[in-house]
Amino acid sequence: MNTKEKDLKYIMHTYGRYDVALKSGKGATAYDEDGKRYIDVSSGIGVNSLGYCDEGWVQAVSQQAGTIQHMSNYFYSSQASDLAEKLCSLTGLAKVCFGNSGAEANECAIKIARKYSFDKYGAERNEIITLKNSFHGRTVTTLSATGQDVFHNFFFPFTQGFKYAEPNNLDDVKNNIDEKTCAVMLEVVQGEGGVNILDKDFVKGIADICSQSDILLIIDEVQTGVGRTGKLFAYEHYGVNPDLVTVAKGIGGGLPIGICLCGEKLKDVMSPSTHGTTFGANPVVCAGANYVLGRVSDEAFLSEVEKKGAYLEEKLLKIDGVKNVRRLGLMVGIEIEEDAHDIAAKCVASGLLIITAKDLLRMLPPLTITTAELDEAVSILEKTLKEN
């Protein structure tokens, strides 16, 4: 049996896969098992922030794997403490908790928010407001936090304690706040929801309300963080200071990691046994993340991300059949006249690895992608739309 046949026989059918078996890659270029070449503007849904097999990242990970590959969290790890120090220094936040995915990072933030309110106000102050069209993960609790009805099925009973407000409607957020509210949780760009960029006044308004009422502001940066939007974190575009920030995907550069950062007033909320995970703070994963953060946090690097994003947007808007582009940095949603899922599949067949979000095409290219590679990606998309 080949790879596809084994997959269909032995792996649960939880993904609608494209008909491609990838074997190798370098930068923004990937090759399948037949040697066919692809330009990848999906980067593992924003995970391969430095592209495939960046030499410095590979060296950092390999060196650590040959030193000590795992240890219990009962012991100290220099890779983890170095990464935590960098993140706190860069953000002004106080402490971090390491996990393995964006969903886990969001679970941690939810637990911290509820325990903070429990300790200070009692058990009844436990509700969290999220936004409609949001996406926060696929565990039962983070599915509950996700503000999309399509996800609230099959897996009953869902975790209670969530309300859903309309994006960019501050009055609706206010109307949902009551004496039980402990936090507001949002993505400043709703990635899975269709690359919807929140209004600055709306986000600032929420931050002000939270500050006045001792309600915690949680920013989910799982997809938007680590340089994706041209800032280290997307909330920096909005001039707000969140109490909790969740990070995953791109910070690992290709290895699984989730991080929850908290501000000063939350730094001592959690204590031994209130949270934990076997693989969180894995030294190999943290070695890769330390390398990624060292590269991506450079202001010149971030400036280039924005320049590439603007260049890509300009090229895309010139294509017949492209109606609009939603973009912040290199987080790009493309509104087209055709069915996005059909066009994405045809692009893949033509050598462009692209994904969708709702009824949009979505590009999350490696932050290191070159303008020549962007040109090639745009060319394949344009040809695909023209031939459809």
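The figures here come from the full heavy-atom set of this structure, side chains too, leaving out hydrogens, waters and symmetry mates. Being a predicted model, the structure only gives us computed values, none of them experimental.
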**Salt bridge K323-E337, side-chain N to carboxylate O under 4.0 Å** = no
**Over 12 non-hydrogen atoms of neighbours within 6.0 angstrom of OH in Y18** = yes
**Crowding at NZ, K200 (>12 non-hydrogen neighbours, <6.0 Å)** = no
**Flag side-chain contact, heavy atom, 4.5 Å: T224 against E187** = no
Run the side-chain donor-acceptor check on residues 253-268: report pairs under 3.5 Å with partners two or more places apart or on a different chain.
{"unit_1": "E264", "atom_1": "OE2", "unit_2": "K267", "atom_2": "NZ", "d": "2.7"}
{"unit_1": "K265", "atom_1": "NZ", "unit_2": "D214", "atom_2": "OD1", "d": "2.7"}

**Asked** Could you give the distance from OG (S78) to CD (E85), rounded to the nearest 0.5 Å?
**Response** 11.5 Å
**Asked** Can any side-chain N or O of S303 pair as donor or acceptor with the backbone N or O of E299 at less than 3.5 Å?
**Response** no
**Asked** Under 6.0 Å from the six-membered ring centre of F162 and within 45° of its axis: does the NZ or CZ of R114 meet both?
**Response** yes
**Request:** Show the numbers, then the answer: is there a side chain to side chain contact (heavy atoms under 4.5 Å, CB included) between L87 and V247?
**Result:** CA-CA 10 Å; L87 283 166; V247 191; 5.5 Å; no
**SB check D342 K346 (cutoff 4.0 Å)** = yes
**Prompt:** How many angstroms lie between atom OG1 of T91 and atom CG of L232, to the nearest 0.5 angstrom?
**Reply:** 8.0 Å
**Shortest non-hydrogen separation from A113 to A183 and the atoms involved** = CB-CB, 3.9 Å
**Request:** Could you tell me whether the side chain of F98 reaches within less than 4.5 Å of the side chain of N73, counting heavy atoms only?
**Result:** no
**Request:** Determine whether L131 and V184 fall in the same hydrophobic cluster, where Ile, Leu, Val, Met, Phe, Trp and Tyr are linked whenever their side-chain heavy atoms lie under 4.5 Å apart.
**Result:** yes
**Request:** Just say parallel, tilted or perpendicular for the rings of Y121 and Y116, cut-offs at 30° and 60°.
**Result:** perpendicular
**Residue among T356, I355, I334, V332 satisfying side-chain contact (heavy atoms from CB on, under 4.5 Å) with R362** = I355
**Message:** Do L352 and I369 land in one hydrophobic cluster if side-chain heavy atoms of ILVMFWY residues count as linked below 4.5 Å?
**Reply:** yes
**Complete:** d(K111 NZ, C97 SG) to nearest 0.5 Å is 8.5 Å
**Prompt:** Would the Y164 and H152 ring centres measure less than 6.0 Å apart?
**Reply:** yes
**Prompt:** If you count the non-hydrogen atoms of other residues, nucleotides and ligands that lie under 6.0 Å from CG in N324, is the total more than 12?
**Reply:** yes
**Message:** Quick check on K231: does its NZ atom have over 12 non-hydrogen neighbours (other residues, nucleotides or ligands) under 6.0 Å away?
**Reply:** no
**Request:** Applying side chain to side chain donor-acceptor pair (under 3.5 Å), run through H136 and T130 and close with a yes or a no.
**Result:** CA-CA 9 Å; H136 297 294; T130 68; 5.0 Å; no
**Message:** So which atom in A207 and which in L217 form the shortest heavy-atom distance, rounded to 0.1 Å?
**Reply:** CB-CD2, 3.9 Å
**Message:** Check this for me: does any side-chain nitrogen of one of E306 and R327 sit under 4.0 Å from a carboxylate oxygen of the other?
**Reply:** yes
**Request:** Answer yes or no: are there more than 12 heavy-atom neighbours, outside Q63 itself, under 6.0 Å from its atom CD?
**Result:** no
**Item:** salt_bridge(K115, D119) N-O dist < 4.0 Å
**Value:** yes
**Fill in**
One should read off an interatomic distance between I219 CD1 and Y235 OH, to the nearest 0.5 angstrom, of 9.0 Å
**Request:** With the side chain counted from C-beta on, respond yes when R228 and P365 share a heavy-atom pair under 4.5 Å apart, and no when they do not.
**Result:** yes
**Asked** What closest approach, in Å, do I197 and N168 show between heavy atoms, and which atom pair accounts for it?
**Response** O-ND2, 4.3 Å
**Asked** How many angstroms lie between atom CD of E124 and atom CG of N126, to the nearest 0.5 angstrom?
**Response** 6.5 Å
**Message:** Would you say V47 ends up clustered with F233 if hydrophobic residues are merged whenever their side chains have heavy atoms under 4.5 Å apart, either directly or through other cluster members?
**Reply:** no
**Item:** Atom pair OG1/NZ of T370 and K308 - distance to nearest 0.5 Å
**Value:** 7.5 Å
**Prompt:** How would you list, by chain and number, every residue that makes a side chain to side chain donor-acceptor pair (under 3.5 Å) with E236, sequence neighbours excluded?
**Reply:** none
**Prompt:** Could you walk me through whether C347 and L381 pass the side chain to side chain contact (heavy atoms under 4.5 Å, CB included) check?
**Reply:** CA-CA 6 Å; C347 282; L381 175 58; 3.8 Å; yes
**Where T29 and Y52 come nearest, the two heavy atoms and their spacing** = O-CD1, 3.5 Å
**Item:** Residue D171 excluded, over 12 heavy atoms near CG under 6.0 Å
**Value:** yes
**Request:** Consider only side-chain heavy atoms of I, L, V, M, F, W and Y, link residues closer than 4.5 Å, and tell whether F202 and V240 are in one cluster.
**Result:** yes
**Request:** State, with a plain yes or no, whether a side-chain heavy atom of Q223 is found less than 4.5 Å away from one of L364.
**Result:** yes
**Asked** Is the closest side-chain donor-acceptor distance between D54 and T368 under 3.5 Å?
**Response** no
**Request:** Give a yes or no on whether V189 and V222 share a hydrophobic cluster (residues Ile, Leu, Val, Met, Phe, Trp, Tyr; joining criterion: side-chain heavy atoms under 4.5 Å apart).
**Result:** no
**Message:** Check whether T146 reaches the backbone of T142 with its side chain - one donor and one acceptor, N or O, closer than 3.5 Å.
**Reply:** yes
**Request:** Using the test ring-ring contact (aromatic ring centres under 6.0 Å, His included), find all partners of F156 that sit at least two apart in sequence or belong to another chain.
**Result:** F158
**Item:** Any donor-acceptor pair under 3.5 Å from D32 side chain to K36 backbone
**Value:** yes
